[in-house]
2 protein chains.
Amino acid sequence: MTTDSCKQPRLLPRDRIVEAARELFRRRGIRGTGVDAIADAASSNKMTLYRHFNSKDELIVECLQRAGMEMDGFWRELEDAHPGDGLAQLRAWVRRIAEHLGDDNCHCEMMSAAVQLTDEDHPGRSVIRKFKDAQRDRVVVLCRKAGVANAELLCDTLLLLIEGARVAQQSSGVQGPSARFAEIADAAILSFSGSGAVPR
Amino acid sequence: MTTDSCKQPRLLPRDRIVEAARELFRRRGIRGTGVDAIADAASSNKMTLYRHFNSKDELIVECLQRAGMEMDGFWRELEDAHPGDGLAQLRAWVRRIAEHLGDDNCHCEMMSAAVQLTDEDHPGRSVIRKFKDAQRDRVVVLCRKAGVANAELLCDTLLLLIEGARVAQQSSGVQGPSARFAEIADAAILSFSGSGAVPR
DNA sequence: CGAAAATGTTACTGGTCGGTAACACCGTCG
DNA sequence: CGACGGTGTTACCGACCAGTAACATTTTCG
């Protein structure tokens, strides 16, 4: 009856709960999702949930950490596909983000959580903060490897464009400004790398 | 006791309620703010609230509409300050957004609501959508007036950068990528207007 | 003034929330 | 076999939620 996605392959209850929570948080929002609904969607129950997590907030933290780990794997794939080539990795990064923009899971858990976790002291906020800082470091290194003149500026430009594309999709739909994200981001990369070590 | 901001000048109860709601929505989130808290903050009570609004959702809609009207006034100021000069209006727009980025009220009510109103059919979503569409139309007209070659592309670039700056501030704080928003947006305007009908 | 409208007060409903207690079930391993 | 750890079930708690009813009070205005 429930729209599940992780019951068949008999994952451990803990993993089913986390994945069910992530999906529900995406669809209904964090505050709009009750622990009962999470336990149901995970084909488990509230008691098992609270045996693994002392509170809903702890579960939220785990969800964010897992999302961060998935992104880490994502970056590793890029490095494997274009080893040492910062420019190619940047381009591939932009392309894959653009591809996922329309998905139901568009990898915007961090962004959504950052907006929904209004409490400044929520434990999830430090997870978001650390992830974003690490992401920024990674991207700026790629920009340097790509040989662009002002690596920090291109880095922040891309980060703003990406976050903007994700949130603009929530506001204006897929036909809004985010539809041209790939085009815009590519142009940014080109303009920065073109003025430095110019390709072709 | 309560951190009010609109009780002294004895506004109408309806206006006090809307303004109190907007402030609480900003600080605690929409789902995290109860109607009792809104009525209290407005130095009013739940009954008067429900005499003016049939539901909390109606109040949310009114808050979004009022936020949109404030932005309209904002645009009118820009037109008055730089009549007919699209390029100057674009620049002033970017500058003022950058100035407000650090504020507690950074004019991101629409964006926050777009993320928090997870229900696709929530009446507030159409308000957001209409506002964003109108904003896009306005900006693209300004870009054309500014004489840039690809007005639509500069328009969407700026819109993505702005939304990105606002949400990046939630994720990474004021010292994150959004700190360089003005610099980045100015560079975008320059690169577009410089390559088309070049000034000077 | 006096009536009518708007506002305030209290108390209540039915539902949901996060979180817990007590107990039953079930597979694993000794 | 029996003990045990992980899991499921039911019921419950106090707090909060959106929304309403009945009544008292204040404000507005003819």
Side-chain angles (χ1 to χ4, degrees), chain A residues 1-2 4 6-25 27-64 113 116-119 121-124, chain B residues 1-2 4 6-25 27-64 113 116-119 121-124:
Chain A
M1 198 67 62
T2 57
D4 58 312
C6 44
K7 305 199 291 190
Q8 328 293 9
R10 276 295 118 181
L11 291 169
L12 293 168
R14 187 178 209 277
D15 294 324
R16 278 181 290 153
I17 287 169
V18 174
E19 293 311 314
R22 289 178 63 186
E23 185 182 337
L24 285 176
F25 288 164
R27 283 170 34 195
R28 320 270 190 204
I30 294 181
R31 306 191 99 127
T33 300
V35 287
D36 302 85
I38 295 171
D40 276 1
S43 295
S44 184
N45 55 80
K46 200 158 50 164
M47 272 314 300
T48 332
L49 191 155
Y50 276 102
R51 284 189 191 105
H52 287 287
F53 306 97
N54 292 324
S55 67
K56 184 185 177 183
D57 284 346
E58 265 191 21
L59 173 57
I60 294 170
V61 166
E62 174 84 11
C63 288
L64 292 173
Q116 295 178 40
L117 267 33
T118 52
D119 184 1
D121 300 327
H122 192 287
Chain B
M1 200 67 63
T2 56
D4 58 314
C6 45
K7 303 200 293 190
Q8 329 293 9
R10 276 295 119 180
L11 291 169
L12 294 168
R14 187 177 209 277
D15 295 324
R16 279 182 289 155
I17 288 170
V18 175
E19 293 311 314
R22 290 178 64 186
E23 184 182 337
L24 286 176
F25 288 164
R27 284 170 34 195
R28 320 271 190 203
I30 295 181
R31 307 192 97 127
T33 301
V35 287
D36 302 85
I38 295 171
D40 276 1
S43 295
S44 185
N45 56 80
K46 200 158 47 166
M47 272 313 301
T48 18
L49 190 156
Y50 277 101
R51 285 190 191 104
H52 287 287
F53 307 97
N54 292 323
S55 66
K56 184 186 178 182
D57 284 346
E58 264 191 21
L59 174 57
I60 293 171
V61 166
E62 174 84 11
C63 288
L64 292 173
Q116 295 178 44
L117 267 32
T118 53
D119 183 0
D121 300 327
H122 192 287

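Predicted model, so just to flag it, every value in this text is computed and none were measured. We use all heavy atoms of the structure for the numbers below, so side chains are in, but hydrogens, waters and symmetry mates are not.
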Participant: Keeping the roles fixed (side chain from Thr33(A), backbone from Leu24(A)), state whether a donor-acceptor pair exists under 3.5 Å.
Facilitator: yes

Participant: Nearest to the side chain of Arg51(A), heavy atoms from C-beta on, is which of dT7(C), dC23(C), dA22(D)?
Facilitator: dC23(C)

Participant: Taking it one step at a time, do Ile17(A) and Glu62(A) satisfy side-chain contact (heavy atoms from CB on, under 4.5 Å)?
Facilitator: CA-CA 10 Å; Ile17(A) 287 169; Glu62(A) 174 84 11; over 6 Å; no

Participant: With side chains defined as the heavy atoms from C-beta onward, is the minimum distance between Val61(B) and Asp57(B) less than 4.5 Å?
Facilitator: no

Participant: To the nearest Å, give me how far apart CD (Glu58(A)) and C1' (dT20(C)) are.
Facilitator: 16 Å

Participant: Between Ile30(A) and Phe25(A), what is the shortest heavy-atom contact and its length?
Facilitator: CA-CD2, 3.7 Å

Participant: Round to the nearest Å and state the distance from Asp40(B) atom CG to dT9(C) atom P.
Facilitator: 10 Å

Participant: Identify the pairs formed between an N or O of the protein and an N or O of nucleotides 14-19 of chain C at a distance under 3.5 Å, and give each distance.
Facilitator:
from	atom 1	to	atom 2	distance (Å)
dG18(C)	OP1	Thr33(A)	O	3.4
dG18(C)	OP1	Lys56(A)	NZ	2.7
dG18(C)	OP2	Val35(A)	N	2.8
dG19(C)	OP2	Tyr50(A)	OH	2.7
dG19(C)	OP2	Lys56(A)	N	2.7
dG19(C)	O5'	Tyr50(A)	OH	3.4
dG19(C)	N7	Lys46(A)	NZ	3.0
dG19(C)	O6	Lys46(A)	NZ	2.2

Participant: Ignoring hydrogens, what is the shortest heavy-atom contact between Arg16(B) and Leu11(B)? Give both atom names and the distance.
Facilitator: NE-O, 3.2 Å

Participant: Is a side-chain N or O of Asn45(B) found less than 3.5 angstrom from the main chain of Thr48(B), in a donor-acceptor match?
Facilitator: yes

Participant: Would you mind reading off the distance between Leu12(A) atom CG and dG5(D) atom P, rounded to a whole angstrom?
Facilitator: 18 Å

Participant: From CD1 of Ile17(B) over to P of dA6(C), roughly how many Å is that when rounded to an integer?
Facilitator: 14 Å

Participant: Establish, with yes or no, whether the OP1 or OP2 oxygen of dT7(D) is under 4.0 angstrom from a side-chain nitrogen or oxygen of Thr48(A).
Facilitator: no

Participant: Closer than 4.0 Å, any side-chain N/O of Ser44(B) to the OP1 or OP2 of dG8(C)?
Facilitator: yes

Participant: Can Phe53(B) and Val18(B) be said to form a side-chain contact (heavy atoms from CB on, under 4.5 Å), step by step?
Facilitator: CA-CA 10 Å; Phe53(B) 307 97; Val18(B) 175; 3.6 Å; yes

Participant: May I have the distance from Asn45(A) (atom CG) to dT20(C) (atom P), rounded to whole angstrom?
Facilitator: 15 Å

Participant: dG19(D) P sits how many Å from Leu59(B) CG, rounded?
Facilitator: 10 Å

Participant: For Met47(A) and dA24(C), what is the distance between atoms CE and P respectively, to the nearest whole Å?
Facilitator: 15 Å

Participant: Establish, with yes or no, whether the OP1 or OP2 oxygen of dG6(D) is under 4.0 angstrom from a side-chain nitrogen or oxygen of His52(A).
Facilitator: no

